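Note sheet for the following structure.
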Amino acid sequence: MLDQKFIRENPTSVEENLSLRGKVFKISHIHELTLKKKEIDIEISILQSESKKLSKLIGQIIGNSQNINSLELDDLKKKGNELRIKISELEEKQRLLDKKVDDEIYNLPNFPSKDAPIGKDENDNVLVKTWGDPLKIENPKSHWEIGEGLNLFDSIKSTTISKSRFITLIGDGARLERALINFMIDMHSKNGYLELMPPALVNSESLRGSGQLPKFSNESFKCSNDDLWLSPTAEVPITGFHRNEIIDPEQLPIKYVAYSPCFRREAGSYGRDTKGLIRLHQFNKVELYWFCDPTKSLEAHKKITSDAESILKKLNLPYRVVDICTGDLGFSSSRTFDLEVWLPNSNCYREISSCSNCLDFQARRSSIRTKIDKKNTYLHTLNGSGVAIGRTMAAILENGQQNDGSVKIPDALVPYFGSNFLKTT
RNA sequence: GGAGAGGUGGCUGAGUGGUUGAAAGCGGCUCCCUGCUAAGGAGUUACAGGAGGUAACUUUUGUCGAGGGUUCGAAUCCCUCCCUCUCCGCCA
């Protein structure tokens with residue numbers, strides 16, 4: 001969420017900044033609303049002060065004098081009653097205004113960073129670096145051919161259980177999934193991250209706090225009987241973990257690693273990636289998250305990205321890093337580096353991690369602050385996949401495929417998985 | 001799910017309509033005493049927001065689980081919700 005005071009004072013620069021996202025943002029009406037709101041706030045505060053003094057006076061009169069002049073008292077009470085009515089009328093106005101402002105302001109995305117490349121869509125994203133050599137072989141098999149062939153998962157039966165875009169992992173497939181989760185969490189834990197295993201169901205306030213609501217209610221599954229949603233990413237519960245807190249600056253940065261299942265409706269992506277492990281309604285992810293001093297989030301962003309990269313390096317999976325352009329940035333992010341892993345069958349790099357600096361955008365929505373020079377200040381939040389498990393499995397299957405139909409397991413994973421190859425049994 | 005009890009400042013805990021943002025104790029901070037430590041003494045100490053000031057600060061509002069209501073005035077009375085605890089039921 002953007003700062004209301006900033007909107008009040010700099011309406012044109014707000015519009016200019018947001019327009020870098022490639023859409024026109026008109027905020028003049030929000031600007032007016034916030035000004036009006038301010039006026040009413042001040043007015044209410046003055047009347048409340050009067051009313052408070054009056055009540056004290058009445059209390060004093062009743063307490064001190066034996067012979068109460070009831071006429072005078074009634075007069076004061078009447079005056080108080082009038083004040084009360086005036087105040088409650090203004091408060092009603094204030095409530096309406098608040099709601100209007102909130103409706104608008106919660107739908108505004110974060111400002112893109114000045115450092116983010118300016119562009120319209122993903123075609124304008126900027127390559128930062130590549131790591132490893134993309135595997136080039138004759139007729140590489142897709143990971144779903146390999147996976148279904150080795151009986152690692154079954155998509156047809158999963159449709160029977162649920163619907164399309166769900167997967168059931170079987171035998172070594174399930175074991176590989178667990179191995180990947182453990183491997184990643186262990187690595188990040190050694191790197192100073194504290195492990196969390198958060199709830200998979202989150203309430204509306206948590207989704208609002210991290211930016212998924214109100215705008216993207218279509219993209220999450222909702223439980224119809226409760227104010228609970230299936231969490232689309234661990235970013236949501238982790239942000240919620242510190243909602244309404246003022247965190248001691250000595251504790252910063254707080255770094256969490258969390259494994260969680262993630263649930264997404266994937267509305268609007270009909271027909272895309274219908275096969276395999278790339279785009280599922282339910283997938284596993286290990287997430288990295290920082291709560292950090294607002295003056296240090298730029299460095300933190302580099303660090304969280306390289307922490308995510310270290311997983312792909314250890315697994316020896318070729319990848320590249322892409323600087324997301326202003327038009328392609330996520331709602332809450334001011335700057336994002338995507339990690340994209342090489343998939344030989346698709347003959348392209350696919351997103352496997354997204355590392356974002358949200359600055360104080362989520363912190364303001366969630367009211368998470370720290371003390372700077374004794375003043376309460378919103379801190380900065382950063383998140384990054386470290387990394388998506390299903391897509392990692394896809395990458396291992398495609399990059400590790402051998403001529404004999406087996407798949408080589410990356411060395412670093414062998415202690416977790418228990419053998420060097422996936423083979424038909 | 002049923003029945004009951006409860007939610008007050010950093011903590012413990014008083015407070016059932018009035019000058020109460022809240023007694024007392026613990027803790028914290030400052031000073032005094034003391035060679036040091038312990039003990040003792042004096043004072044001080046909630047939080048959040050707004051406005052003004054470069055600032056020390058001044059001023060104002062809100063806050064006793066949350067939100068409504070009654071009242072000139074609510075921690076205190078009424079309603080709704082949330083949470084915690086105990087017992088019963090159910091359950092991994």
Side-chain angles (χ1 to χ4, degrees), chain A residues 1-10 30-103 105-106 197-209 213 223-229 237 240-251 261 294 360 363-379:
Chain A
M1 183 167 56
L2 306 179
D3 184 13
Q4 286 195 30
K5 192 174 175 185
F6 188 79
I7 292 176
R8 262 202 325 269
E9 289 167 4
N10 312 280
I30 309 177
H31 180 235
E32 266 171 46
L33 288 173
T34 55
L35 288 176
K36 212 181 277 174
K37 195 180 135 182
K38 188 82 213 154
E39 258 173 50
I40 290 181
D41 282 350
I42 290 169
E43 207 177 332
I44 286 177
S45 161
I46 291 167
L47 290 178
Q48 275 170 336
S49 169
E50 255 177 69
S51 152
K52 211 174 162 178
K53 276 174 197 152
L54 188 64
S55 302
K56 249 178 203 178
L57 182 65
I58 293 172
Q60 273 170 1
I61 292 172
I62 293 173
N64 292 343
S65 65
Q66 280 91 347
N67 51 338
I68 299 160
N69 181 340
S70 61
L71 272 178
E72 192 188 331
L73 210 62
D74 283 349
D75 212 43
L76 288 176
K77 284 187 185 178
K78 209 177 140 197
K79 213 170 147 195
N81 192 22
E82 279 162 16
L83 269 175
R84 188 167 62 96
I85 289 167
K86 234 190 250 176
I87 290 171
S88 61
E89 275 169 5
L90 282 174
E91 279 175 341
E92 183 57 31
K93 265 193 202 171
Q94 188 191 40
R95 258 195 292 271
L96 281 170
L97 270 177
D98 263 346
K99 200 184 168 305
K100 273 191 198 166
V101 170
D102 280 357
D103 282 353
I105 218 166
Y106 273 91
M197 206 175 276
L201 265 57
V202 295
N203 59 32
S204 299
E205 209 39 52
S206 297
L207 280 164
R208 223 158 92 101
L213 284 179
C223 303
S224 58
N225 287 330
D226 302 280
D227 177 33
L228 289 171
W229 307 64
F241 196 56
H242 287 296
R243 187 141 46 85
N244 297 327
E245 284 185 10
I246 296 171
I247 297 172
D248 184 350
E250 307 249 312
Q251 291 182 6
D360 64 1
R364 181 172 287 106
R365 283 176 165 248
S366 301
S367 186
I368 307 171
R369 292 170 287 181
T370 187
K371 299 246 182 219
I372 292 189
D373 295 332
K374 291 185 181 169
K375 285 206 168 153
N376 292 331
T377 314
Y378 292 110
L379 47 70

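Reckoned from all heavy atoms, side chains included, excluding hydrogens, waters and symmetry mates. These numbers come from a predicted model, not from an experiment. Chain naming here is simple, since letters A, B, ... match the order of the sequence lines and numbering starts at 1 in each.
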Nearest-angstrom distance, [atom1] atom, [N] to [M]:
N     : M     : atom1 : value
B:U84 : B:A66 : C1'   : 15 Å
B:C78 : B:A74 : C1'   : 12 Å
B:U45 : B:G9  : C1'   : 11 Å
B:C26 : B:G18 : C1'   : 31 Å
B:U16 : B:U76 : P     : 12 Å
B:C87 : B:U8  : C1'   : 27 Å
B:G73 : B:U63 : P     : 13 Å
B:A75 : B:G21 : P     : 8 Å

Nearest whole Å is fine: how far is [N] [atom2] from [X] [atom1]?
X        : N     : atom1 : atom2 : result
A:Glu245 : B:G10 : CD    : P     : 14 Å
A:Tyr378 : B:A48 : OH    : P     : 12 Å
A:Lys56  : B:U60 : NZ    : P     : 10 Å
A:Leu47  : B:U60 : CG    : P     : 15 Å
A:Leu76  : B:G18 : CG    : C1'   : 14 Å
A:Ile368 : B:A48 : CD1   : C1'   : 17 Å
A:Gln4   : B:A51 : CD    : P     : 12 Å
A:Leu54  : B:G18 : CG    : P     : 17 Å

Would A:Arg365 count as a cation-pi partner of A:Tyr106, with NZ or CZ less than 6.0 Å from the six-membered ring centre and within 45° of the ring normal?
->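 So A:Arg365 doesn't make the cation-pi contact.
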
Let's test this: given Watson-Crick or G-U wobble pairing with both distances under 3.5 Å, identify the partner of [N].
N     : result
B:A51 : B:U58
B:C83 : B:G6
B:C72 : B:G18
B:C90 : none
B:A38 : none
B:G27 : B:U45

Does a side-chain heavy-atom distance below 4.5 Å link A:Thr370 with A:Pro294?
->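 Yes. Closest side-chain heavy atoms under 4.5 Å.
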
A:Ile44 side chain reached by A:Ile40 side chain, heavy atoms, under 4.5 Å =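 Touching, per the 4.5 Å side-chain cut-off.
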
Is the closest basic N to carboxylate O distance between [X] and [Y] below 4.0 Å?
X        : Y       : value
A:Asp98  : A:Lys37 : yes
A:Lys36  : A:Glu39 : no
A:Asp103 : A:Lys99 : yes
A:Glu89  : A:Lys86 : no

Produce a footprint string for nucleotides 61-68 of chain B: one letter per nucleotide, 5' end first; B if the base is under 4.0 Å from any protein heavy atom, S if only the sugar-phosphate is, - if neither.
-> SS-----S

Describe the nucleic acid contact of [X] in one word from base, sugar-phosphate, nothing, applying a heavy-atom distance below 4.0 Å.
X        : value
A:Asn81  : sugar-phosphate
A:Gly80  : sugar-phosphate
A:Lys38  : sugar-phosphate
A:Lys371 : sugar-phosphate

At under 4.0 Å, does any side-chain N or O of A:Arg369 touch on OP1 or OP2 of B:G49?
->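 The answer is yes; a side-chain N or O of A:Arg369 sits under 4.0 Å from OP1 or OP2.
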
Not counting sequence neighbours, which residues clear side chain to side chain donor-acceptor pair (under 3.5 Å) with A:Asn244? List them please.
->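 Partners of A:Asn244 by the side chain to side chain donor-acceptor pair (under 3.5 Å) criterion come out as none, since no residue qualifies.
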
Take A:Arg84 and A:Ser51, measure what side-chain hydrogen bond (donor to acceptor under 3.5 Å, both in side chains) needs, and give me the verdict at the end.
-> CA-CA 7 Å; A:Arg84 188 167 62 96; A:Ser51 152; over 6 Å; no

Which nucleotide, B:A51, B:C72, B:G18, lies nearest any side-chain atom of A:Arg84?
->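 Given the options B:A51, B:C72, B:G18, the side chain of A:Arg84 is closest to B:C72.
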
Given RNA chain B, 5'-ward residue of the pair A:Arg8 and A:Ile58, judged by closest heavy atom =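 Mapping each residue to its closest nucleotide by heavy atoms, the 5'-most match is A:Arg8.
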
